[in-house]
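In this text, all values refer to a predicted model and were calculated from it rather than measured experimentally.
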Amino acid sequence: MSDASDRAALLKSVRAWLVLFVVCLVLSGATAFPLVHELRWAESALRALSAPEYLPGLMHWIERVRDGLDTADADYPFLLYGTDWLAFAHLVIAVAFYGPYRDPVRNIWVVEFGMIACAGIIPLALICGPLRGIPLWWSVIDMSFGVFGVIPLYVVRRKIKRLATMTVNQPVATAA
């Protein structure tokens, strides 16, 4: 293989990983809009799967959260505006990854920013979870978003570093 084809393959791989990350980020954000309906659906699905019998702690938590969301939705719908902003933030952050998609070497800082944000999920969950009465096991689930989110970003960063060594004095081809 030639240097140009190696470089093209590496660039294609970087872009594929970035697309995967952005799709997950968008899906994560989009699910924050319909929380009330999603939680009702999740509770019904868990009941159909006999979760109350096998996972009573999970069912108790899901019921408690659903009760809280139902109350907020009925009496204080403005509180759910906070989750709308959470969803919006996910979508805005996803847009930022267009920079590394176009020119990974020049915009590696966006990937590194994403890695820092993923790391920040852990102290946030450990500090704010107990302050808000979130069970530790649920905080661990929240922290997993940071752990699983950093994996593709780490892979992308390593690939971009390799791409940078291959592209000395060569501009990276931009996406159309």
Rounded distance (nearest 0.5 Å) linking atom CG of L46 with atom OH of Y54: 14.0 Å
Nearest-0.5 Å distance that lies between atom CD1 in I121 and atom CG in L126: 11.5 Å
Heavy-atom closest contact (R102 atom, R15 atom, distance): O-NH2, 3.4 Å
L18 with V23, same ILVMFWY side-chain cluster at under 4.5 Å: yes
Shared hydrophobic cluster, I116 / F97 (ILVMFWY, side-chain heavy atoms < 4.5 Å): no
N/O donor-acceptor pair under 3.5 Å between T71 side chain and D67 backbone: yes
Which atom of P130 lies closest to which atom of I127, heavy atoms considered: CD-O, 3.5 Å
Exercise: identify the closest heavy-atom pair between G120 and P123: O-CD, 3.3 Å
Within 6.0 angstrom of R47 CZ, more than 12 heavy atoms from elsewhere: yes
Mutual orientation of the aromatic rings belonging to W61 and W137 [parallel < 30°, tilted 30-60°, perpendicular > 60°]: perpendicular
Close side-chain approach of P104 to L11, heavy-atom, < 4.5 Å: yes
Same apolar cluster: W41 and L49, side chain cutoff 4.5 Å: no
Point-to-point distance, once rounded to the nearest 0.5 Å, from CD1 of I160 to OG1 of T165: 12.5 Å
Closest non-hydrogen atom pair, A125 against S139: O-OG, 3.6 Å
T83 vs F33 side-chain heavy atoms within contact, under 4.5 Å: no
Stepwise side chain to side chain contact (heavy atoms under 4.5 Å, CB included) check, L55 with M59: CA-CA 6 Å; L55 300 167; M59 278 312 297; 5.6 Å; no
Sidechain-backbone polar pair: D73 side chain, L69 backbone, donor-acceptor under 3.5 Å: no
Heavy-atom check, side chain of V19 versus side chain of Y101, under 4.5 Å: yes
Check: S44 side chain, R40 main-chain N or O, donor-acceptor pair, under 3.5 Å: yes
Donor-acceptor pairs under 3.5 angstrom involving side-chain atoms of residues 141-152: please list them, not counting sequence neighbours.
unit_1	atom_1	unit_2	atom_2	d
S144	OG	I141	O	2.5

Residues clustering with Y76 (ILVMFWY side chains joined when closer than 4.5 Å, directly or via others): F78, L79
Sub-4.5 Å side-chain heavy-atom contact between L35 and E38: yes
Minimal non-hydrogen separation, G29 against H90, with atom names: CA-CB, 3.4 Å
For A32 against L86, the heavy-atom pair lying closest together: CB-CD2, 4.1 Å
Beyond-backbone contact of L39 with E43, side-chain heavy atoms, under 4.5 angstrom: no
Approximate separation, where rounding is to 0.5 Å, of L10 CG and R162 CZ: 5.0 Å
Hphob cluster co-occupancy, L163 + Y154, side-chain heavy atoms under 4.5 angstrom: yes
Single-linkage hydrophobic cluster, 4.5 Å side-chain cutoff, V26 and L153 together: yes
